Amino acid sequence: MSSCFLVFRAFFETSSFKLSITPSKVGKQYATVSEFVEKEIRIDSCRVTLIGVPSESMEYHHFPLIYQENTTITENLQALEQTTYRLEMYEFSQGEIQLMPPFYESATRVFSRDSNLDETRQSGTLNWGSYVGASTIAVKLPNGRSWEFPLEIRAKKINYLSDYRFMIDQIIETSADLIWSNKAPTHHAVSKGEEFDPEVDLLGAFFYIKAAMSDDYIPTFWNIISESPSTVHFQKRWITGIENASKIDGKTVQDIITSDSFFPTGIKSPSLKLLRGYLPETINVPLNYLSFDTPENRFVKYWIAEMVDLLEEIINVYGKKTYVGLESYRLIAELKNVLTHQMFLEVPHTREVNISNLGLRRKPGYSGMLQTYEWFYQNDCLNFEPLYTLLFAKRVKPVYKIYEIWVLFQLIEILKELGTGQMKYYWKNKPKQHLSLEKVRIPHHNYVLELFYQKYHTNSREEHNELPSYSTRMNPDYTLVIRDASLRVITAVVLDAKYKYDTVDDFFVEEETEDDDEQYDEQRRIAKRADLLTVHAYKDAIQGVTGAYVIYPGTNSSYDLWTESSDELHGIGAFPLYPSAGSSLTTAQKDNLKCFINRIVDKAKQD
């Protein structure tokens, strides 16, 4: 990890005003630093002065305000989520200045303005809550001019430059893989009758091609094809010298006999000088050869070229520097590399192909290629627009929602490891949030494990209302249901992702806090108590639920349980699950969670 500049105070100065941003809590380890350094940069017409110290520490991503050059993120000046900053602005010219920090959908109030200030001075506190991504602080003057100061809001609970990126990448990879699960035996709550149009749903086309280019699909099919490609036997006539003829047939003999240049030896003629006895100098011989110009190879070349065309269109729509654009470039390179194979030199380009050819459906490799083509044009492709909007389109995004989706995919992987059969996926007509997945179901010996995502537990008395709430509606993030062979509910537990907590003490213990931000700390204490009561409510209000557990991004390997009796599987608890790139920590935490879920299943079998 490269070095950075730890910023204790940042000044933004133009000809009209001067604005400063200061972290409210810098940290005791930096309180004794006396030799501060000034670093000056320019953002458009604004001079920015940074006061702080350089750092080589690996832990600097926890510092409230940093400046880092040559990073892979959007902006060099970076603030921190769930951190309070003091903002002060002094006006150099006459008139009222409007400070306009950004406001986001479903976000808490970002800027709290101080009162009782004069007209030439404004101040207040900034706190982006659990929102991360590219942001701006905008200032508008009375003359209509405005300035925007760009900065990046980093994730606080996890390393924004590594583990946050790892979490995003895992969500994308798993989302792409869901397409293939979507084609497996399953239930779809989707409308029929409209054919999938990749030119309209380019984002769906991108995720499909990305999934198809994973190792188990097109690359595997292509390896099979390239090792034993489809060929066709051709024969043509070839005029060659008599000395080169290695094979003759009846047609060759007939052509010799009927040739005008065939003369008896006794006839005097200038042509005899060109003859060797009774035979002409050149003869027509058969030539047998194998060609790669087959219907199967024409289809493969057409399908690969079609995917390249779609990816190029995706780059035009979404841009070259976006995640989709960069990934499309990579996929295009891989597909074009396939097209450079020597066999395609004999295969012409075509705009139409015949997919009714039996060889496509029977020959190894080709049948897989045909299947990817047919699945692509089926009309039940998943809607990735909400998920993509969350991950990439929004400048500032709720990191807690991203963590929630990541945890869901980890739970699905755990159930796959515990299951003894094929997992089925069930989809909603319209996603409630950012993912249209309703639930997954997998057999476990003579039982069935079922995981719901954002299931509504209502107090409806209807017959089909399983696991109802006897009071108000409850909707935990995940509901794990264990069923018998007849699909009767045996038991259930609920789990909730709580990104905002680092340790189990954050959730269950009210710690003492400093006095410099009493209002914010009081809000945290209220939120803690509300979250704790929510977990109790899930367990007590939802009929059939025996336990309620929190999953949070902690870095400890052990989990905590609180039970109402000697049975530790009946109660509440907290499990750490940290999205760490290339670390054994996440694996160990997932193993703990898997073992606990397996114990719940074994206990259900005994009841």
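Small disclaimer: the values here were computed from a predicted structure and weren't measured.
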With rounding to the nearest 0.5 Å, note down the distance linking [atom1] in [X] to [atom2] in [Y].
{"X": "I442", "Y": "I414", "atom1": "CD1", "atom2": "CD1", "answer": "12.5 Å"}
{"X": "K416", "Y": "E413", "atom1": "NZ", "atom2": "CD", "answer": "4.5 Å"}
{"X": "L87", "Y": "L126", "atom1": "CG", "atom2": "CG", "answer": "5.0 Å"}
{"X": "Q589", "Y": "S557", "atom1": "CD", "atom2": "OG", "answer": "7.5 Å"}
{"X": "I21", "Y": "R86", "atom1": "CD1", "atom2": "CZ", "answer": "12.0 Å"}
{"X": "Y453", "Y": "E438", "atom1": "OH", "atom2": "CD", "answer": "13.0 Å"}

**Asked** Looking just at side-chain N and O atoms, do D216 and S214 make a donor-acceptor pair shorter than 3.5 Å?
**Response** no

**Message:** Show the nearest heavy-atom pair for residues A604 and I482, with the distance to one decimal.
**Reply:** CB-CG2, 3.9 Å

**Item:** Residue pair Y164 / A155: nearest heavy atoms and the distance that separates them
**Value:**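 Scanning both residues completely, I find the closest heavy atoms to be CD1-CB, 4.3 Å.
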
**Message:** Please enumerate all residues that pass side chain to side chain contact (heavy atoms under 4.5 Å, CB included) together with T458, with sequence neighbours excluded.
**Reply:**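 T458: side chain to side chain contact (heavy atoms under 4.5 Å, CB included) contacts with Y456, S460, N465, R473.
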
4.5 Å side-chain heavy-atom contact, [X] and [Y]:
{"X": "V494", "Y": "K539", "result": "no"}
{"X": "K603", "Y": "T546", "result": "no"}
{"X": "W128", "Y": "L151", "result": "yes"}

**Message:** For F376, run the ring pair (Phe, Tyr, Trp, His ring centres under 6.0 Å) check against F206, F207, Y208 and tell me which one passes.
**Reply:**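 Only one of F206, F207, Y208 forms a ring pair (Phe, Tyr, Trp, His ring centres under 6.0 Å) with F376, namely Y208.
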
**Those residues that, when tested against Y478, pass ring-ring contact (aromatic ring centres under 6.0 Å, His included) (two or more places apart)** =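 Residues passing ring-ring contact (aromatic ring centres under 6.0 Å, His included) with Y478: none at all.
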
Let me check something: any side-chain donor-acceptor pairs from residues 444-451 under 3.5 Å, sequence neighbours excluded? List them with distances.
| unit_1 | atom_1 | unit_2 | atom_2 | d |
| --- | --- | --- | --- | --- |
| H444 | ND1 | L418 | O | 2.8 |
| H444 | NE2 | K605 | NZ | 3.2 |
| E450 | OE1 | R483 | NE | 2.7 |
| E450 | OE1 | R483 | NH2 | 2.6 |
| E450 | OE2 | K439 | NZ | 3.1 |
| E450 | OE2 | R441 | NE | 2.8 |
| E450 | OE2 | R441 | NH2 | 2.5 |

**Message:** Below 30° counts as parallel, above 60° as perpendicular, anything between as tilted: where do the rings of Y403 and Y499 land?
**Reply:**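 Rings of Y403 and Y499: tilted, as their planes differ by 30° to 60°.
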
